[in-house]
Amino acid sequence: MAKQNPRQIQSVASTDVLAAQAAEALHLGRFKEAIEFYKQLLKQAARPDWRDALAAAYVGRAKTLSAKGLFKEAEVVLGNAVALGGAVKEPLLLLSCLIRQGQIEKALAQALRYIGTDIAEPHQRRPLSELTAALFLARPVPLKSGDGDPPARAEWIAAANAARAALAALTEQKPADEIEPLLTNIPARSPFGPVRLIVKAMLTDDPAKARRLLDGVPPASPFGSLRLAVEAALPGEPAEVIGQLGQASTAQRAFALDRLGGGSASGPPLLARLLDAERGGPGTLFNFLSKQATTLPAADIRSACLNLLPWLPDRVILFEKTFGKLSEAEKARILALAAETKQDWTRAETSWRAAAEHFACDGLRDGKLSAGIIYRHLASLALKEPMIAGEDPFTDPVVSYLKKSLDYDPDHLPAVLQLIKRYRDDGDDKDWHALTEEAVQRFPAESAVLMQAIESAATRKAYKKAAGFAKKLLAVDPINRPARQRMIELQISYVRKQMRAKRPDLAWKELAGAGEWDRSDTPNADLRINRGLVGLRGGLDPEAEARLLEGLDLAGGGAVGWFRTALQDALLMPPRQRPLSLISDELARILREVPSKPDITAIAALFSAEDVRADPKATSELLWKFVTWLRNATHTVLSIAEFHSVADAIVRGHLFEILHAFAAVGKRREPNERLWRFYEIVARTKNNPDWMYVGEEDDIDEMCRSPAIDKDRHGRSRIDRYLNGTGDDPESRRRARRRAANDTHSFDVLEDIVTSFMETISQRDVQKLVKSHGRDGGVAALADRLTKLPLGAALPRPLLEMVATTMVAAALGEAPPPF
Amino acid sequence: MMTDPFSTLGVDENAGDDEIKRRYLALVRDFPPDREPERFQSYRAAFEALHTERQRLAAKLLATHGTALTRLKTASLPSPEARQQGRIFQAQVTALLVEGIEQAMARWQETSRTETQNGASRTNGT
């Protein structure tokens with residue numbers, strides 16, 4: 001509604017209309033307007049409700065003015081409210097206006113009017129009483145209770161006089177035994193209670209007791225500043241005392257230093273000047289310190305100034321003139337830290353590299369360790385900052401800096417593990433295996449390294465070697481569950497091979513061997529299920545069924561247990577082999593029931609397991625059965641987080657109408673959850689992003705820009721997988737094959753340039769860049785690298801960014817972007 | 001200016017393993033975690049940041065530290081004998097009370113303003 005100019009209010013407006021406008025203006029916080037309306041109304045009739053409303057409008061207006069810092073004006077407006085109603089119901093507002101103008105005496109006179117009355121709103125009475133107490137002690141005035149005073153006011157005055165007497169005795173240096181009886185006259189629960197605690201804290205010789213007493217005074221109360229000053233003056237750890245003095249206000253510091261005995265008649269003490277210089281910033285502190293060489297220890301002055309140089313790199317020369325030459329390594333380090341403070345990452349990288357080279361050149365152990373530390377720091381910076389390009393434009397900077405760090409500090413285990421993980425995640429199997437072999441020699445008793453060695457050997461299908469590492473690991477760490485679990489998994493995969501080769505006898509032997517990794521306190525369900533299955537299939541064990549049921553119970557029993565058993569059986573036998581009748585009968589029974597929510601999520605998780613996904617031929621029939629079963633459960637209340645793995649299974653089962661049904665129900669239930677819309681699109685397009693309508697593309701774009709989706713790692717990765725067509729459903733795999741076969745995109749005008757660069761920087765390197773820096777960061781980092789190439793140096797930056805964008809799209813298997 | 005692990009533990013930047021461990025244990029003894037949990041956490045974090053040679057070197061290389069400045073401030077602290085002579089002035093107490101009153105009022109006003117703004121946005125929303 002548009003504001004009305006009060007001057008233009010028509011005096012002819014009817015009273016009812018005016019009253020309605022006034023009430024609305026007051027309700028909407030348009031106090032100035034409301035004041036004019038109510039003034040006009042009161043001219044027509046002196047109704048008490050209008051007078052109260054006018055007073056409320058004055059208070060509202062005063063609040064607005066005081067919020068703008070117009071305290072004098074706010075005080076005048078509040079005066080109008082007082083003239084109407086006799087007293088302000090929000091006295092704290094008036095007091096704050098007076099105090100913020102420095103009118104302490106006037107504020108005290110005003111505040112004392114409220115003591116022992118119930119004029120103020122109930123929630124304001126206690127803070128008002130405490131404020132009045134502090135005002136009274138700051139500007140003491142003679143105060144006596146009269147005969148007609150209410151008891152509450154008389155009590156307040158008695159406590160006030162007692163507190164004033166105690167403080168006076170303290171400042172007059174009276175002995176503690178004279179002050180303590182005065183404190184007993186201050187009731188602990190009165191608004192003067194904080195004075196009692198503070199004075200007691202100042203009288204005690206026990207700093208811990210003093211701190212406990214002071215904890216009873218809230219720092220935000222009007223006595224808070226005095227409390228903090230007394231606390232800063234307590235003896236304690238020098239670092240702590242200094243820390244408190246550093247945070248203290250000028251008044252608190254003056255009090256504390258006097259109390260500590262550091263005051264001086266000849267001006268502020270050295271510590272106060274030092275703290276003031278520190279508050280002035282690095283430049284002021286540097287100037288102050290460099291002039292104190294005669295009064296303070298010179299070595300400490302030098303070290304303190306040296307630590308200020310990263311904020312003042314232009315004073316390196318001045319520093320050298322005053323304190324002597326700095327080493328080249330030290331100078332480079334200062335420049336690197338200075339560049340980091342300005343977030344100039346390119347310069348920071350250059351300077352850090354220079355520092356590392358200088359440190360490494362000194363040949364001493366500390367020098368080499370320092371170089372290692374700096375290269376590790378560069379690797380961690382490269383993870384966060386795309387501008388950190390690395391020494392070699394063709395290698396991932398994180399990898400290259402970690403490698404360099406290990407050249408100088410090969411015994412740094414976290415760096416070794418980080419590099420192993422990096423190689424593994426990047427698919428650099430050769431480097432991964434080589435580094436793991438090297439690491440296991442260097443750190444033969446480190447469980448993290450041995451675990452990596454097991455994984456590396458398992459990937460190379462060197463099961464014996466993996467078992468050897470696992471034995472070493474369990475010798476160091478006998479409980480290590482992941483190692484035991486991994487070894488059982490490896491042996492089960494070997495068992496599957498033997499069964500498919502129709503050698504149940506060897507499979508049985510293998511399973512017996514796998515038993516050594518099993519612990520009775522944490523029995524492995526899959527091991528028991530496989531023993532049962534092999535025993536039944538090969539007729540090798542009369543108790544096979546009992547073993548199977550034991551494993552099934554460990555796997556959770558019911559539908560989950562039977563699906564797990566069926567999956568293990570499917571993975572064990574050649575494709576299209578009929579399942580055991582025991583399993584097929586139970587599954588048939590289960591599939592006649594309606595699935596429960598826990599069953600749905602747990603079974604979907606079974607289909608997400610690595611070995612199940614790796615063998616779609618063996619498990620597709622069970623997957624189809626599961627997904628078809630879900631047809632009866634589309635109304636199950638699943639959160640989007642729970643639904644992700646279910647959706648993965650449905651997409652792999654290629655039953656998109658079921659996905660659509662879940663998404664439609666989910667969208668109705670949670671209209672604000674955008675990912676239900678995403679699954680609707682996936683279902684309609686049958687997981688093919690090329691079949692999206694324009695509106696659907698817009699919806700996905702909007703989702704990608706949404707901060708909520710950006711934070712949802714799982715949701716985001718599903719959208720990316722869909723858009724990139726990198727899912728592991730049959731259609732995505734087919735599309736990927738087509739893309740690989742037809743990898744000659746049209747690059748229009750950029751084609752020649754891009755082709756030339758792509759011969760220099762491989763798609764794999766580009767993919768790595770995108771992986772480490774994200775898409776936008778990857779484009780920026782790639783453009784940086786292109787500038788360092790001979791052809792790149794001759795091209796303008798915007799063109800290089802277009803080339804980089806095209807190269808990233810090509811590396812990700814996408815169509816070239818339109819420019 | 002800065003709180004670094006050396007200053008938190010109150011050790012020299014060239015202190016070795018033994019000295020750092022001794023100092024940490026002494027601090028934990030004086031300020032046990034059950035009595036001073038926050039203080040213990042800060043000592044623990046500082047000890048964790050310095051307890052190996054590489055970590056100490058990294059703390060010195062990759063960041064600035066205020067250890068020397070802390071030593072200078074400590075050297076400027078009044079001596080324990082001087083502390084016995086500490087005085088309290090009425091004017092200082094008054095100044096601190098006025099400061100506390102002003103700060104309390106500023107805080108109250110800030111809270112009140114936030115509440116008013118919230119109320120206004122609720123009104124406009126309806």
Side-chain angles (χ1 to χ4, degrees), chain A residues 27-29 63 66-67 92 95-96 99-100 104 127 131 134-135 137-138 167 170-171 173 220-226 229 233 235 237-239 241-242 249 251-252 254-255 258-262 269-271 274 278 285 296-297 300-301 303-304 307 310 333 337 366 369-370 373-374 377 412, chain B residues 1-3 7-10 13 27 30 53-54 57-58 61-90 92-109 112-113 116-117 119-120 123-124:
Chain A
H27 178 67
L28 294 175
K63 275 186 184 173
S66 104
L92 280 174
L95 294 179
S96 75
I99 290 164
R100 301 296 293 273
I104 303 291
L131 177 68
L135 282 167
L137 292 172
L167 270 183
L170 190 74
T171 51
Q173 315 288 325
S221 87
F223 295 99
S225 184
L226 180 57
E237 285 294 318
V241 173
I242 287 161
S249 68
Q252 288 165 351
F255 175 92
D258 267 339
R259 184 118 175 90
L260 287 167
L270 183 61
L271 181 56
L274 184 52
E278 192 179 11
L285 183 58
L296 291 167
D300 286 342
I301 295 266
S303 175
N307 276 286
R333 173 188 161 265
L337 287 171
D366 264 12
L369 286 183
S370 299
I373 287 167
I374 290 172
H377 179 59
H412 193 258
Chain B
M1 186 177 67
M2 63 208 100
T3 313
S7 301
T8 304
L9 286 185
E13 61 267 44
L27 286 168
D30 292 347
E53 184 191 10
R54 282 187 185 81
L57 205 49
L61 268 177
L62 305 179
T64 54
H65 60 88
T67 324
L69 191 60
T70 306
R71 277 199 300 271
L72 291 172
K73 288 180 194 165
T74 310
S76 317
L77 265 178
S79 64
E81 296 75 37
R83 286 178 200 178
Q84 304 302 322
Q85 304 154 10
R87 297 158 300 172
I88 300 160
F89 295 103
Q90 177 61 47
Q92 284 175 343
V93 173
T94 303
L96 287 166
L97 285 169
V98 171
E99 186 176 72
I101 290 164
E102 285 172 351
Q103 286 171 352
M105 280 296 93
R107 270 191 292 269
W108 178 81
Q109 222 162 15
S112 173
R113 187 168 53 195
T116 309
Q117 279 169 354
T123 307
N124 292 335

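Below, chain A is the first sequence line, B the second, and so on; all start at residue 1. What you see below is based on every heavy atom in this structure, not just the backbone, and it leaves out hydrogens, waters and symmetry mates.
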Top of Ala67(A), Ser303(A), Ala220(A), Gly224(A) for chain B proximity - count of heavy-atom pairs under 4.5 angstrom: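 Heavy-atom pairs under 4.5 Å are most numerous for Ala220(A).
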
Option in Ile374(A), Leu170(A), Leu167(A), Leu337(A) with maximal non-hydrogen atom pairs under 4.5 Å from chain B: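 Between Ile374(A), Leu170(A), Leu167(A), Leu337(A), the count favours Leu337(A).
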
Top contributor to chain A interface from Val93(B), Leu62(B), Val98(B) [non-hydrogen pairs under 4.5 Å]: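 Counting heavy-atom pairs under 4.5 Å, the top option is Leu62(B).
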
Winner by heavy-atom pair count (cut-off under 4.5 Å) against chain A, out of Gln103(B), Glu102(B), Glu53(B):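 Option with the greatest count: Glu53(B).
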
Residues in side-chain hydrogen bond (donor to acceptor under 3.5 Å, both in side chains) contact with Arg107(B), at least two apart in sequence or another chain: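 Per chain and number, Arg107(B) pairs via side-chain hydrogen bond (donor to acceptor under 3.5 Å, both in side chains) with no residue.
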
Check each atom of [X] against the heavy atoms of chain B and say whether the ones under 4.5 Å are side chain, backbone, both or neither.
{"X": "Pro310(A)", "answer": "side chain"}
{"X": "Ala229(A)", "answer": "side chain"}
{"X": "Leu274(A)", "answer": "side chain"}
{"X": "Leu369(A)", "answer": "both"}
{"X": "Ser221(A)", "answer": "backbone"}

Worked verdict on Leu69(B) versus Glu278(A) for side chain to side chain contact (heavy atoms under 4.5 Å, CB included): CA-CA 10 Å; Leu69(B) 191 60; Glu278(A) 192 179 11; 3.8 Å; yes

Audit row: Leu296(A), Asp300(A), side chain to side chain contact (heavy atoms under 4.5 Å, CB included) steps and yes/no: CA-CA 8 Å; Leu296(A) 291 167; Asp300(A) 286 342; over 6 Å; no

CG on Leu57(B) to OG on Ser370(A), rounded to 0.5 Å: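 Ser370(A) atom OG to Leu57(B) atom CG measures 4.0 Å (nearest 0.5 Å).
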
Which portion of Ala63(B) sits near chain A, non-hydrogen atoms under 4.5 angstrom: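 Backbone of Ala63(B) only, per the 4.5 Å heavy-atom cut-off to chain A.
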
Side chain, backbone, both or neither of Gln90(B) within contact of chain A (heavy atoms, under 4.5 Å):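 Both the backbone and the side chain of Gln90(B) come within 4.5 Å of chain A.
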
Pair Ser249(A)-Glu99(B), side-chain donor/acceptor within less than 3.5 Å: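 A pair is found: one side chain offers a donor N or O, the other an acceptor, under 3.5 Å apart.
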
Chi angles and distances behind the side chain to side chain contact (heavy atoms under 4.5 Å, CB included) call for Leu131(A), Ile99(A): CA-CA 11 Å; Leu131(A) 177 68; Ile99(A) 290 164; 4.1 Å; yes

Nearest heavy atoms of Ser225(A) and Gln252(A), plus distance in Å: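 Looking at all heavy atoms of both residues, the shortest contact is OG-NE2, 3.0 Å.
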
Partner set under side-chain contact (heavy atoms from CB on, under 4.5 Å) for Ser96(A), not counting sequence neighbours: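 Testing Ser96(A) for side-chain contact (heavy atoms from CB on, under 4.5 Å), a comparison that skips the adjacent residues, returns Leu93(A), Met105(B), Trp108(B), Gln109(B).
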
